Amino acid sequence: MCLDRRGVYLAATTWEAVMTEQACISDLKHHVDAPVTLRGWLQGKRSGGKVVFMLLRDGTGVCQCVVEAKDAEAFEVASSLGQESSLYVSGTVREDARSPGGFEIAAGSVRAIQSSEDYPISRKAHGTDFLMGHRHLWLRSERQSGILRIRHTVIREARRFFDNRGFTLIDTPILSPGAAEGAGTLFPVDYFGEEVYLAQTGQLYLESACQALGKVYCFGPTFRAEKSKTRRHLTEFWMIEPEIAFAELPDLCELAESFVEHIVQSTLAAHEGDLKALGRDIAPLEKIKAPFPRLTYSEAVELLRSEEVHLRLLGELEEDKGRLGSWIGQLQELEKKLSEAKKEWQRENITREIHDLRDEIRTLEEDLGNRPDHIRDAREFEWGKDFGGDEETILCGQFDRPVIVTRYPREVKAFYMKADKDDRRVVLNLDVLAPEGYGEIIGGSQREDDLHALIARMDEEGMEKAPYEWYLDLRRYGSVPHGGFGLGIERTVAWICGLKHIRETIPFPRLMSRIYP
RNA sequence: UCCGGCGUAGCUCAAUGGUAGAGCGGGUGGCUGUUAACCACUAGGUCGUAGGUUCGAGCCCUACCGCCGGAGCCA
C-alpha cells in the first residue's frame, strides 16, 4: 500500500499511483503541464472518429479528459466504458476553457476499475418518482451533491455557533417511554413487549441537562408520524435544539436571530458557487441580518386584519393576474417555437416546457380563484386561532427578513410553555418564519418553571402525571427560568438553497409514501 | 382523513373509440475538438390491476392499487 500527499490510501494494485502524482480535480491549477493521475467516475462521454472526450467526476469537481486514437490502448478502453464506470486517467494537465473546470487532461492512459453498463439515470430529464427510487445513484448528480455540501455547512455552522458560545452538546434519547404531545403523531416501537416511541423532540431531556450544565443543545433525528404529503414535510428530519438556564423570552429571540443570521451568512460565504449552480438568487439571503422584525401574536393578528395588508394583497392579486397573462403569452411563443424546431430532442424539450407551463398556469388559475377567500379570511382573522400556511405567507410577505412572532394563545400551544404573567391568555413562545414562503423554521418558548402552574396546565390537558414525575422533579429541585427552541435543518437548507421540495435536502428522505432506498 | 392531478418501451412523453409511436438511453457502423455532440441502421410493449359499455377500448364507465401536491397538522 502507499499514501498520496494528502494521506489517502491507494490500493497497491494501481500502477499509475507510482507512475505519476495523484491529483484531485479541484487542485489541477497547481499541476499545469505536469503529468497527473485522476481517479473517479465517468459522468459522460462524447466521441469523434479519432478522439474521445470523457467527463470525469472525482467528488471535488468535473474535468474533461481527452483521449486520442494514437494512444490505441487508452482509446479502446475509453470507447468501451459506460456512464458511471470507475476509472483511473493519467495524462498531462493543460488549460482549456472548453473543459468545465477550465483545465483538461490530455490522457495517455485510461484504466477501468469497474466497467459500468446500463446506468439507469441518463443525462436527460427524469420524473421525481424514478429519481427518488434511485436516490442512491441520484446523489451523484452535481445538483444533489451541491445541496448535500450546503447541508453539511449548515449543520457545521449551526453547531459551531453554539460551541463558540459555551454550549455543551447533549445527546438525547431516540427511544422514549411516553408521548410528550399528541401520541397520534408518534411512531410506536416494540421495546421487549412494551410500546415505546421514536422521539419527536429532545426538549424535555435538555431541560434536565440545562440545570446541570447551564447552556446545552442537542442535534439529532426526530420522527413525526403525521400523514402530511406536502413539499414541506418529512417523517424523519433533523433538528438542532438549544436550551438555556436563566434565559427568558427576549434572550431567546436575540439568540434565535443571531443564530439564523450566522447560519445564512456563513453558508452564503462558503457556497456562492453551489448556490449559483442551483439557480438561487442570493440577493434576498444577503439581507438576512439581525435584528429581525418582531411581532406579538396579537400584533400579527392586527396586521393580518389591517388595511395596509389588505391593499397589498389586492395589489398582488392584480400583479398575479398580469403574470398569468404573460405566462399565456409565453405559452403561445413556445407553441410557435415548437412548430419551428428542427431537432427531435428540441421538440421534446419544448413539449416538456409547454407541459410544465400549462401545469403552472393551471395552479396559478386555481390559486387566483381561491385568493379572494384568503384575502377575506385574513381580514376577518379571529384572535385565538393558530396561523395556517396562508397566514404565515401573508405575514412573511410584509418583510424581507425572517419574522419573529411571540406570545401565541395558550390553547394552541404545548403544556410546558410558560404563561405570560401580564396576559394569562398567551404563552411566552416564539416562532421564526422564514421569508419567501418557506414557513416556520424555528419554534420554541420559555418553559413553565413553577411546579403548581405546570401541574394545573397538565390537568387542563387531561394528561397523566406519572410518566412525567421526573420532569416535575426539575421544578421541585432548584427550578429556574429557562427556555429554548428547535430549528429544522431541512427547512433551513430548503430555504437557503431556494428549493421547491424538502426531499432534496436530506440524503435519504423518509416520506409518508417512501422508505426505499 | 378530505380534495385535485397523473399511471403507455429502461427513461421522458405522444397517439378523434378503428394497424402501438417519437426522442433519449442500449447495440452496430461512420465522423480529429465535442459541450445534453452529430449522422445512419437496430433491438425493445401484459398501455397500473380487475371488471363493465361497445362490432371494436390506451382512450368511455366503476372499483382498487401506486405516485404527485394541496388542506388539516407541523419543523
Side-chain angles (χ1 to χ4, degrees), chain A residues 43-55 62 64-70 75 80 82-83 96-100 104 106 117-134 181-182 184-185 200-201 221-241 341 343-356 358-359 362-363 366-367 370 374 386-390 392 412-414 431-434 438-444 485-495 500-503 505 511-514:
Chain A
Q43 184 162 299
K45 191 176 78 174
R46 287 176 285 274
S47 60
K50 289 179 180 157
V51 62
V52 175
F53 301 99
M54 299 189 296
L55 284 176
V62 179
Q64 174 164 285
C65 304
V66 188
V67 189
E68 296 189 39
K70 63 177 165 31
F75 186 79
S80 72
Q83 192 187 350
D96 194 311
R98 290 170 293 189
S99 177
E104 68 175 21
E117 284 171 30
D118 301 327
Y119 185 69
I121 302 180
S122 72
R123 303 189 72 206
K124 298 290 156 71
H126 293 283
T128 52
D129 187 34
F130 176 81
L131 289 170
M132 292 296 298
H134 293 81
E181 310 168 51
T185 67
Q200 55 175 340
T201 172
T222 68
F223 305 88
R224 304 275 165 98
E226 289 153 5
K227 294 193 171 177
S228 307
K229 293 190 284 189
T230 81
R231 61 178 79 165
R232 298 183 306 280
H233 287 88
L234 297 166
T235 54
E236 177 182 307
F237 65 95
W238 289 67
M239 193 154 66
I240 186 159
E241 301 173 87
K343 294 272 185 294
E344 203 46 54
W345 65 267
Q346 287 174 332
R347 298 176 56 84
E348 293 289 330
N349 284 344
I350 296 168
T351 306
R352 184 161 22 251
E353 274 181 59
I354 288 175
H355 208 265
D356 290 351
R358 280 199 185 126
D359 255 11
R362 199 185 314 144
T363 311
E366 203 176 313
D367 180 32
N370 294 332
H374 294 162
D386 201 357
F387 295 134
D390 292 335
E392 284 183 2
V412 303
K413 289 293 174 185
D431 279 3
V432 178
L433 309 179
Y438 282 92
E440 189 180 338
I441 52 169
I442 283 182
F485 55 80
L487 171 130
I489 292 292
E490 287 76 16
R491 282 194 184 172
T492 304
V493 173
W495 166 45
K500 219 167 152 186
H501 304 96
I502 200 170
R503 61 178 168 231
T505 63
L511 301 157
M512 194 186 147
S513 55
R514 191 169 295 280

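So you know, we letter chains A, B, ... as the sequences are listed, proteins then strands, and number each from 1. On a predicted model such as this, the values are computed, not experimentally measured, just so you know.
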Rounding to an integer number of Å, can you tell me how far [X] [atom1] sits from [N] [atom2]?
{"X": "A/Ile489", "N": "B/A75", "atom1": "CD1", "atom2": "P", "answer": "14 Å"}
{"X": "A/Glu226", "N": "B/G72", "atom1": "CD", "atom2": "C1'", "answer": "10 Å"}
{"X": "A/Glu241", "N": "B/A75", "atom1": "CD", "atom2": "C1'", "answer": "10 Å"}
{"X": "A/Ile442", "N": "B/C74", "atom1": "CD1", "atom2": "C1'", "answer": "15 Å"}
{"X": "A/Leu511", "N": "B/C67", "atom1": "CG", "atom2": "P", "answer": "10 Å"}
{"X": "A/Asp386", "N": "B/C73", "atom1": "CG", "atom2": "P", "answer": "7 Å"}

Return no unless some side-chain N or O of [X] is found under 4.0 Å from OP1 or OP2 of [N].
{"X": "A/Lys227", "N": "B/U1", "value": "yes"}
{"X": "A/Arg46", "N": "B/U34", "value": "no"}
{"X": "A/His233", "N": "B/A75", "value": "no"}
{"X": "A/Arg232", "N": "B/A75", "value": "no"}
{"X": "A/Arg503", "N": "B/G69", "value": "yes"}

| request: Check for a donor-acceptor pair, side chain of A/Glu392 on one end and backbone N or O of A/Ala434 on the other, with a separation under 3.5 Å. | output: no

| query | Do the side chain of A/Ser228 and the main chain of A/Thr230 share a donor and acceptor less than 3.5 angstrom apart? | reply |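 Not at all, since once roles are kept as given, no pair shorter than 3.5 Å links the two residues.
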
Side chain of [X] only, heavy atoms from C-beta on: which candidate in [options] is closest?
{"X": "A/Arg224", "options": "B/C74, B/U32, B/G26", "result": "B/C74"}
{"X": "A/Lys50", "options": "B/U32, B/C74, B/U35", "result": "B/U32"}
{"X": "A/Asp118", "options": "B/G70, B/G26, B/C73", "result": "B/G26"}
{"X": "A/Arg98", "options": "B/U35, B/A75, B/C67", "result": "B/U35"}
{"X": "A/Ser122", "options": "B/C24, B/G70, B/A75", "result": "B/C24"}

Take atom [atom1] in [N] and the same atom in [M], then report the distance between them in whole Å.
{"N": "B/C67", "M": "B/G30", "atom1": "C1'", "answer": "43 Å"}
{"N": "B/U19", "M": "B/A63", "atom1": "P", "answer": "30 Å"}
{"N": "B/G48", "M": "B/C55", "atom1": "C1'", "answer": "28 Å"}
{"N": "B/G21", "M": "B/A15", "atom1": "C1'", "answer": "7 Å"}
{"N": "B/A14", "M": "B/U28", "atom1": "P", "answer": "32 Å"}
{"N": "B/A36", "M": "B/G69", "atom1": "P", "answer": "28 Å"}
{"N": "B/A57", "M": "B/G17", "atom1": "C1'", "answer": "7 Å"}
{"N": "B/G44", "M": "B/A20", "atom1": "C1'", "answer": "13 Å"}

Base-pairing mate for [N] - Watson-Crick or G-U, with both contacts under 3.5 Å:
{"N": "B/U1", "result": "B/A71"}
{"N": "B/A20", "result": "none"}
{"N": "B/G66", "result": "B/C6"}
{"N": "B/C60", "result": "B/G52"}
{"N": "B/U34", "result": "none"}
{"N": "B/C47", "result": "none"}
{"N": "B/A40", "result": "B/U28"}

Is [X] touching bases, backbone alone, or none of the nucleic acid, heavy atoms closer than 4.0 Å?
{"X": "A/Glu104", "value": "base"}
{"X": "A/Ser47", "value": "base"}
{"X": "A/Gln64", "value": "base"}
{"X": "A/Gly127", "value": "sugar-phosphate"}
{"X": "A/Asp96", "value": "base"}

Can you find a donor-acceptor pair, distance only, under 3.5 Å between [X] side chain and [N] base?
{"X": "A/Arg491", "N": "B/C74", "answer": "yes"}
{"X": "A/Ser513", "N": "B/G66", "answer": "no"}
{"X": "A/Glu68", "N": "B/G33", "answer": "no"}

| said: Using side-chain heavy atoms (C-beta onward) and a distance below 4.5 Å, is A/Val412 in contact with A/Phe387? | reply: no

| query | Any side-chain heavy-atom pair from A/Leu234 and A/Leu511 closer than 4.5 angstrom? | reply | yes

| Of all heavy-atom pairs between A/Glu490 and A/Trp238, which one has the smallest distance, and what is that distance? |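 For A/Glu490 versus A/Trp238, the nearest heavy atoms are OE1-N, 3.0 Å.
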
| Using centres under 5.5 Å plus planes under 30 degrees as the test, is A/Phe53 stacked with B/G33? | no

| When the nearest nucleotide of RNA chain B is assigned to A/Arg231 and to A/Gln83 on a heavy-atom basis, which residue is associated with the more 5' position? |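 Of the two residues, A/Gln83 wins.
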
| task | Nearest 0.5 Å please: distance from the CZ atom of A/Arg231 over to the NE2 atom of A/His501. | result | 5.5 Å

